[in-house]
Amino acid sequence: MVTAERSLQLPASPSRWDRFKARLQPLVRSKTALVGLSLVMFWVVAALFADDCLINPACWFGSPDYTPRPLIARYDPYQSFRGAGLQGPSAEHWLGTDRQGRDLWARIIHGARIILVLAPVSVLMALLVGGTLGLVAGYFGGGVDEVVMRFLDAMMAFPQILLYLVIIAALGPSAVNIVLAITIAGAPGIARLVRSLTLDIKTRDYIAAAQTRGESPWYIMFVEILPNARGPILIDAMLRVGYAVFAIGTLGFLGLGLPPPSPDWGSIVNAGRKFIQAGHIWDALWASLATASLVVGLSLLADGLSEQLNKYR
Amino acid sequence: MNQQPVVSVRNLAIAYETARGLVPAVRDVSFDIHRGETLGLVGESGCGKSTVAYGLVNYLGRNGRITGGSILFQGRPLVGQSEEALRKLRGNQISMVYQDPMTSLNPVLRIGDQMTEVLTVHQKMRKDEARARCVEMLRRVYMPDPDKVMERYPHQISGGQQQRVVIAMALLNNPALLIMDEPTTALDVTVEAAVLDLIADLRRDFDTAILFISHNLGVIARVSDRVGVMYAGELVELAPVQEIFANPRHPYTQGLMRCVPRLGSSKLDSVLYPIPGRVPPPHRLPPGCAFEPRCSYAREACRAERPALRPLRGTAVPHMTRCLFSEEIDPKQWRPPDDFALPQPANDGVTGETILSVEGLKTHYRPASASLLGAFGLGRRDVVRAVDGVSFSLPKGKTLGIVGESGCGKSTLIKTIIGLEDMTDGKAEFIGFDLRRRAGQRELALIRELQMVFQNPDATMNPSYSVGQQIERPLRRFKVVPKDRVRDEVIRLLRAVKLDEHYYDRLPRQLSGGEKQRVGIARAFAARPDLVLCDEPVSALDVSVQAAVLNLLLEIQREHGTTMIFIAHDLSVVRFFCDYIAVMYLGQIVEIGPAEAIYAPPYHPYTESLLAAVPIPDPGATPTHIRLQGNVPSPANPPSGCRFHTRCPRRGLLPDGGRICETDEPPWRDAGEAHRILCHIPLERLRTIESTGK
Amino acid sequence: MARFLLRRSLSLVLTLFLVSIAVFAISEIAPGNIAINSLGNTITPQQEASFNAQNGLDQPVLTRYVRWLIGSDWQAQQLIGNPVTRIYDEANNRTSWWGVLPDGTLYQNKATDDGNAIIRIERRLDPATGQPVIREVTLGEDAWTTNAEGFQVYWGVDTEGRAAMWVKGEQNEAWVLTQASWKNTKGAPSQYIPLQYGLLRGDPGVSFRTRKPVAETIIPWTLNSLLLAGIAFVVVMPLALLLGLIAGLNEGKFVDRFLSVTSLIATATPEFATGVFLIVIFSSWLGLLPGAVVVTSNQSILANPAQLILPVLTLTLIELGYVLRITRASMVEVMRTNYIRTATLKGLPRSRIVFKHALRNALMAPITVIILHVNWLIGGIVVVETLFGYPGLGRYVLEAALFKDVFAIEAAAMLLVVIAVGTQLIADIIYTYLNPRIRYA
C-alpha cells in the first residue's frame, strides 16, 4: 500500500438548502443586482396580479361567465370613462387617462403582462435556435463552421432595426411575428457566444476523455459542453430579455407593435406622443418610464450577477 | 562577508484581504542577500515564494499588504515608502524577471521602445545613447542579431528570446537586487538550460544580489549560493546550497528530496516517497508547526507551539532550521513509515507478446485556414507533419516513455493511437484491432481496451458533474458491471486511487490537483483497459503529489498488468517510470530502446543534448556544455536529410562537417538489445562520447 | 497586412452580395403582392396584371434581380437601337427617360389609339433661349420591324420612363394610376422594360409612393442622418473614451461605481423613452428647447440649430453609456495584465504606464466593438428621427416599410447595410493598425 495523501478534514457535503443559499449569495451581495431584482420583481408581481386571473380557477379553464376582477390594476384596461379623456394624474386615475378615457395605470400594469410574456419567449426561441447553431458550428468546426458563420455574419451585418421593419412590414404586426422577428435578430448573437464558448470548452481534456470513450457528438455537445457554458449563457440571456423588452417597446413606438386596443407599452407611447406638444405628456411619459425601468432593472441584475460571478471565479 | 547586505528582510508578514477576512500568505520570513550572492527560494506552489518576491517591491495588488516586519534595502527601509520613492527604486535599483515572458512584454510596443524607456526614465539618458546601451545589453545576453530584435514586436521572437529580452531589460540599470520569479518554468528543458547558463554567466559578471525563485530543486541547485526552503508561508530551512542538498535538516526539505527521482534511477531499483497530505490553506493553518500534520517525526511538542527559525546546533556552517528536532533527524537514518509498502516489483512472468505495433504512422494536418481564399481552397496551405513515419512495438505489461521538446509530435502520436486525430498514413494494430479509424467510429470492444490519462488536472474532469457521476459513465457505457453494482464499483475504484467514498458526491472544484488527477486515473482504469496512454499526467503537479500519483500508476499497472505509453517532459521521471523509451524529434523517433540503454552511451546527439540540459538537484554536478541552439524548426517545413542537422552539436564528428546530414536521410543503427539510433554517425564514434547522466 | 485587408474586403463584397439577395428576396418574393400592397386590395385582376407588366413585375425573379442590381438601360438600348438617357427637368421638378437620336435629339414614343402608327415626341433645346422645344412626329411604316414570330413591332421609350414594345395593330389597353383614379389608356405597348440604371449605378428604382426616383429623396435625407449621427459621434467618442478610461483606472472606487451605474442606466433606457423624458423636461416643463424638428423643403436643417439639440442628446446618452462601459471593461482588463505589472515594476511613472503601455491595448477592444455598434446606432436613428420628425434615412426607411414601398425599402436597406458593413471594414483597418500581432502576422 502506498500512503495516500492523507485527506485533511473537509467540511461535510453541503445540504441542498446551503447550496441554494450559496447560489443566492452573489445576488444579495451586489447592491446593483438587488436594485435590479426589485425593479424586475415589481413588474413581475404587477403582471401576475393585475387582475384575479391567477387566483381564480374560473379564469384558468376559460369559464364563460368569468369576468376578470381587477386587483393591482384597479380598472379594466379597456374600459373607457366617459368624458374623462386626456386627464392628468388624480386620486381616481393615479396616472391619468388616455384619449379614449381609459385608465393609464390599468393599461400600464396590463402592458407588463404582454411584455413579460413576449420578451422571455422570444429570447428562449433565440436561445434554442442560436444555441444549437453555435454548438454545432463550434463543435464540428471546418466547413460546417465556415458556412454557418458566413451566414450569421451576413445576418449580423444587417442592422437589427431593419430586420424588424422588413419582417413586421412583410408579415404584419402580431405577437407571433414580433417573437419571430426578435428570434431571428437575436439568434446570430447567441450563436456567436455559444460558438466561442464551445470552441474554448472543446479543447478541455474531459471532452477528449469523452471522445476516447467513443461518445456521440450529440452527447458531447449537450451533456459535456453545454452545462459548462451555462453561466455566461444565462447572464447573456438575462441581458437579452432586457434587449427584447427594449426592442418590443421600440417596435410599438414605431407603430409596428401589437395593434390597438392592446395596452402594449410601446404602442401607448406611440399613441401618446402626439399629445405631448399639446401638453398632455402622461401617456408617453408613463409608458416610457415603465419600459425604461424594466430594461434598466434587467440590465442591473445581469451586470451585478456577472460581476459577482467573475469575482469568485 | 562583513559588508552590509543589499537586502535584509526581518520577520516579514504579508496578508491578503479576502472574503474570509485577512489571510496570511507569508509569515515571519527573514533573510539577507549580499552583493554577488544568489539566494534560491524553493517550495511547492502556494507556499508564498512569489508573494515574498512581490512583497520586496511592494507590489501586492489591491488586496495584499505587508502586515509586519521590515525590509531594509541598502540600509534604507522599504516598508512604508511612498509610491514615488518605490517607483524610483523599481527597474533601477531593484528589477524583476518573470515566469511568463510572453505576457510580461507589451504586445503593441517594439522591444526597443520597451527597453530604452528603462534608461530614459531612470537615467534621463538620451534616446540614441539608450538605444546603444540596449543593443549592447542584448548582445550580452547572447541575443542573435540584436539590432533587428530592437525593431521587433514580442510576438515575433521565440519564448527563449523573449526571456533574454526580459533579463537584459532587468540588467540595464545595473540593479543592486535582481528578483527572478520562476524565470525558466515556462520554457522547454533545452531552452531552460541555455537561460540558466546565461544566468550563471551574468552572476559572474554583474555584482548583483539575486533572489531566485523556483519550484525545481535541480534549477535551484544550479544557480544558488544559499537556498531557502519555504513551506506554508514560512521559511523552514536556510543554508548554503551544498549543505542543504547534502544535509537537509527540516523534515519538509528531506521529504521534497525523497519524492523526486534522480536522473538515472529506475522503478526497479528505487522508490519515491511522497509527502502525505497537502499544504494547508493559509486560512486554516495548524496551531503548532505548520508541517506537523504531514510530518512523520511529529511529536506532542510540535503541536503545542510554532517553532522559530533557529541556527542548527553543532555545525560551523550557517544553517538555519525551523524544526524542534533538527539535530536528531538525520536524513541518512530515515526509514519509510510502517504503513508504506513498496509496490510489488513487476511480475517477471510477463509474456512479452506484442500488444501494440505501429508502422510508418503519419499524422499530417492542415491548419484551419481563417482566410476566405482558404475557404475556397485557393490559399496556400501548409501541411503540418506532426507525426511523420513512426514505427515501434510494445510488449504487454510494459511501459513506453516518449520524450522530446514541445512540438516534436509526442502528444499527436498518442492522440492518433487513441483516435482523437486522423491517421494520414501507416499501420497501427492493437490486440487484433486496426487503429485507423477515429474513436467515434471504433467498435466498443476496442474503445474499452484503450484509455487515456490527461495532463491538466483542472481540465481532466467536467466541472458540472460529481466525481461519482464521472467514474460511473465508462462503467455504464462499457457495461463493466451490472447496473445495480455500479455504485459499489465506483467506490472500489475510488479506494483503489486512495480516495474514500466521501468523494463520490464531491464536485471537481472541491478537489485538489492531485485528487482530480486520481479521479482521472480511476476513470481511465474503470473499464479495465489493456493499454493506457498517459499524456504528461504528473507535469502540472507539485513534486510531492507527483510522487504519489506515479506510485499509484505503478501500483495499478502492476496489479492489472496494464500496458502504458507515458509522455513527460521531465527526463528523470520518464527514466524512473518506463521500461522502454522513444526519443522524438520533429515527428520522428530518433532513438528507441530499453530505458537504461537510452540514458547511457551511445547516445543520439539529440538525446545527449536533452540529457545534458536536465537540471540536476545536486550542486556538485558540473554542467556539461552541450547546448542546443535555436528552436525546433517548423513541422510544416522540416529540414532535409537528417531533421536534426540544423541544431546537431555532433556533426563535427563526421568527415567534412556532416555534409551528408543535410542531404541524406540517416540510417537506423542497431546498438543491440532493441536499442536503435537514427544517425549518420557510426556507433563506434557515438560510443566514445562520455556519459552525461551523473 | 495588405493581404489581410484584401481578404476582409473580399469577404465584405461577398457579404454585401448575400445581403442584396436577402433584401431583394425578403421584400419581393416574400408573402404579399406588391401590386396589392401598393395599390390596395380593391383592384381588379386586369388592373393588377397591367400594373405588374408596366413595372416589370411579371418578369422572372432572376431578371428582376439583375435589373434591380445593374439596371435595364443597357438591355433596352439593344432592343431600341438608340441609346437611352435620363434627364432632370427643373421646370416641373421631375426626371424622365428619353431615347437619343444620332443627332443628339431626345425622344419618347407613343402609339396612336388604334395602334397602327408610332408617334415620336422630340425634345430639342432652342439654340436661342436654351429652353426645350417639344414637337410630335408621326413615324412612317418603315419604323416597324418584323420580329422572330412574324409580328411587326416597334421598340421605343414611352412617356413613363420605360422601354416599351408596340405591336402593330394590336389595340392594347393599359391601366394607369393617375393622381385621382385609374385610367384606361388605349394604344398601349404590349411589353415593358422599366428603365433604371440599377442599384450599383446609384438608381434603385422609382418609389411607388411618390412616383419619384428613390435616389432623389434618399440622398439628401441620408446626408441629414449623417449630420445627426456625425454630431452625436463627435460628442460621444472623446467623452466616452475619456470617462471610460477614468472609470477603468479607478476600478472599484466611487468615480467608477458612479460612472458605471449611470452609464448602465443611460444605455439600457430605450431611445424613445430617453427622447420622451428629454422632451417632457426641456420642452414641456422648462420650455427651453423645441421638442420637434420642423423643416420646410428649401430650408437647411442647420437653419435652426436649437432643434438639433434634443435629437443629438438622445442619441448621445445611449451611445455614451455603451462606449463608456466597453472602454471601462477593457481598461480594467488591461491594467491587470502582466505587461502592466512589468511596466510598473520597471519604475515607470503612472502617466507613462497609462498612456504608453495601457491606452493602446485598452482601446483595441472598444474601437472595434464601438464601430460594430453602428448597427445599434442605426436603430437609434430610426427612433430618434421618428420621434422628433427629423427628415433622415431612418424616418425614410420606416415610412417606406409602413407604406410597403418596395423599391424604397430595398434602397434604404442596402444603404444601411453598406454603411454598417463599411464601418466594419474601417474598424478592421483601425484594429489592424493598433495591433501589431495582425500587422506583422
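The sequence lines fix the lettering, A, B, ..., with proteins before strands; numbering per chain opens at 1.
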Problem set entry | Residues A:Y243, C:W376; criterion ring-ring contact (aromatic ring centres under 6.0 Å, His included); working and verdict | CA-CA 11 Å; A:Y243 289 147; C:W376 190 265; 5.3 Å; yes
For this session: Kindly indicate, with the supporting measurements, whether the criterion side chain to side chain contact (heavy atoms under 4.5 Å, CB included) is fulfilled by A:L258 and A:I248.
Result: CA-CA 9 Å; A:L258 295 181; A:I248 294 170; over 6 Å; no
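Remark: the C:Y396 side chain and the C:T222 side chain contain no N/O donor-acceptor pair separated by less than 3.5 Å. Donor-acceptor pairing under 3.5 Å is recorded for the side chains of C:S225 and C:E385.
Between chain C and the residues A:S293, A:G297, A:P159, the largest count of heavy-atom pairs under 4.5 Å involves A:P159. Among A:V296, A:T291, A:L254, the residue making the largest number of heavy-atom pairs under 4.5 Å with chain C is A:L254. Note on A:I168, A:V35, A:L300: by heavy-atom pairs under 4.5 Å with chain C, the leading option is A:L300.
Closest approach of C:V214 and C:S207 over heavy atoms only: CG2-N, 3.7 Å. Between A:F246 and A:V295, the shortest heavy-atom distance links the atoms N-CG2, 4.0 Å. Shortest non-hydrogen contact noted between A:A244 and A:V123 is CB-CG2, 4.0 Å.
Ring centers of C:W221 and C:Y390: at least 6.0 Å apart, outside the cut-off.
No part of A:L239 comes within reach of chain C, as not one of its non-hydrogen atoms sits under 4.5 angstrom from that chain. Both the backbone and the side chain of C:L398 come within contact range of chain A, with heavy atoms under 4.5 Å apart. Using a 4.5 Å cut-off between heavy atoms, A:T32 contacts chain C through its side chain alone, with no backbone atom that close. Contacts between A:Y164 and chain C at a heavy-atom distance below 4.5 Å are absent for every atom of the residue. With a threshold of 4.5 angstrom between heavy atoms, A:L162 approaches chain C through side-chain atoms but not through N, CA, C or O. The part of C:T267 that comes within reach of chain A is its backbone (N, CA, C, O), which places non-hydrogen atoms under 4.5 angstrom from that chain. In this structure, chain A has heavy atoms under 4.5 Å from both the backbone and the side chain of C:L387. Using a 4.5 Å cut-off between heavy atoms, C:V397 contacts chain A through both its backbone and its side chain.
No side-chain donor-acceptor contact under 3.5 Å links A:R273 to the backbone of A:A284. Looking at C:D256, its side chain does come within 3.5 Å of a backbone N or O of C:G252 through a donor-acceptor pair. Checking side-chain atoms of A:W105 against main-chain N and O of A:H93 turns up no donor-acceptor pair under 3.5 Å. C:E251 places no side-chain N or O within donor-acceptor distance of the main-chain N or O of C:V332, the cut-off being under 3.5 Å.
For residues 274-290 of chain C, the interface with chain A (any heavy-atom pair closer than 4.5 Å) comprises C:V276, C:F277, C:I279, C:V280, C:S283, C:S284, C:W285, sorted by residue number. Using a 4.5 Å cut-off between non-hydrogen atoms, the part of residues 313-326 of chain C that approaches chain A consists of C:I318, C:R325.
Ring pair C:Y65/C:F24 is perpendicular by interplanar angle, where above 60° counts as perpendicular and below 30° as parallel.
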